[in-house]
Amino acid sequence: MSVELPFAPVDTIIRRNAGELRVSAEAAEELAHRIQLRGAELAENAADRATEDGRKTLMAEDFGVENVVDKNDLTLPIAPIDRIARIDIDDAYRVAMDARIALADILEDYADNVAAAAATLARHADRRTVKAEDIQTYFELFE
């Protein structure tokens, strides 16, 4: 599975949680991959909810979101989020714009949580750089 999400916005998310720490390119790549997996899983669940309601269009409420944020407030770009949402669902489904924005918001919060924990792990290891191994360790410990 190729990673649809560009690494630059993911790097930005890690940096805003890392404070004074540096961020390796591999950490951004690893987190982008994990975000993609999570997004595909959430979209698959949302598709199941849409199907139960007799719809082929995913809506924000299928992701459990009532109030959709302004897309300009997000770091993650919407177009790759749309591609991520479609990875594991049937091509017959459509993803409404509010659903894309809702999913991007959920995934950005998810990324913030992982990045903050990875920065804590890097500090605990007495390193000045957040590495891919910090992201991997987070998932070994908490997922």
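In this chain, numbering begins with 1 at the start of the sequence shown.
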Exercise for the section: Please check if the side chain of Q36 supplies one atom and the backbone of E4 the other of a donor-acceptor pair under 3.5 Å. Expected result: yes
Exercise for the section: Determine yes or no for a side-chain-to-main-chain donor-acceptor pair under 3.5 angstrom, with D73 supplying the side chain and V69 the backbone. Expected result: no
State, yes or no, whether a side-chain contact exists between [X] and [Y] at a heavy-atom distance under 4.5 Å.
X: R127; Y: D134; result: yes
X: R34; Y: F139; result: yes
X: E41; Y: R38; result: yes

Exercise for the section: Determine, stepwise, if the pair V10 / L5 fulfils side chain to side chain contact (heavy atoms under 4.5 Å, CB included). Expected result: CA-CA 8 Å; V10 176; L5 198 57; 3.6 Å; yes
Over all atoms of both residues, closest heavy-atom pair of [X] and [Y]:
X: A119; Y: A18; value: CB-CA, 3.8 Å
X: S24; Y: K131; value: OG-CA, 3.5 Å
X: I135; Y: A118; value: CD1-CB, 3.6 Å
X: A111; Y: L31; value: O-CD2, 4.0 Å
X: Y93; Y: A47; value: OH-O, 3.6 Å
X: A43; Y: I89; value: O-CG2, 3.7 Å

Please table the atom pairs, donor to acceptor, closer than 3.5 Å between any side-chain atom in residues 57-67 and protein atoms at least two apart or in another chain.
from : atom 1 : to  : atom 2 : distance (Å)
T57  : OG1    : R94 : NE     : 3.2
T57  : OG1    : R94 : NH2    : 2.9
D62  : OD1    : R55 : NH2    : 2.7
D62  : OD2    : R55 : NH1    : 3.0
D62  : OD2    : R55 : NH2    : 3.3
D62  : OD2    : M59 : N      : 2.8

Practice task
Could you walk me through whether R123 and E20 pass the salt bridge (Lys or Arg N to Asp or Glu O under 4.0 Å) test, one step at a time?
Solution key: CA-CA 10 Å; R123 286 185 193 97; E20 75 290 348; 3.4 Å; yes
Handout entry: Separation of I14 CD1 from F7 CZ (nearest 0.5 Å)
Key = 10.5 Å
Problem - Nearest-0.5 Å distance that lies between atom CD1 in I35 and atom CD in E30 - result: 10.5 Å
Problem - Basic-acidic side-chain contact under 4.0 Å: D11, R15 - result: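 Salt bridge: yes.
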Distance-only criterion, 3.5 Å: show the donor-acceptor pairs between side-chain atoms of residues 97-108 and protein atoms not counting sequence neighbours.
from : atom 1 : to  : atom 2 : distance (Å)
R100 : NE     : D82 : OD1    : 3.3
R100 : NE     : V95 : O      : 3.0
R100 : NH2    : V95 : O      : 3.0
E108 : OE1    : T75 : N      : 2.7
E108 : OE1    : L76 : N      : 3.0
E108 : OE2    : R16 : NH2    : 2.9
E108 : OE2    : T75 : N      : 3.2
E108 : OE2    : T75 : OG1    : 3.3

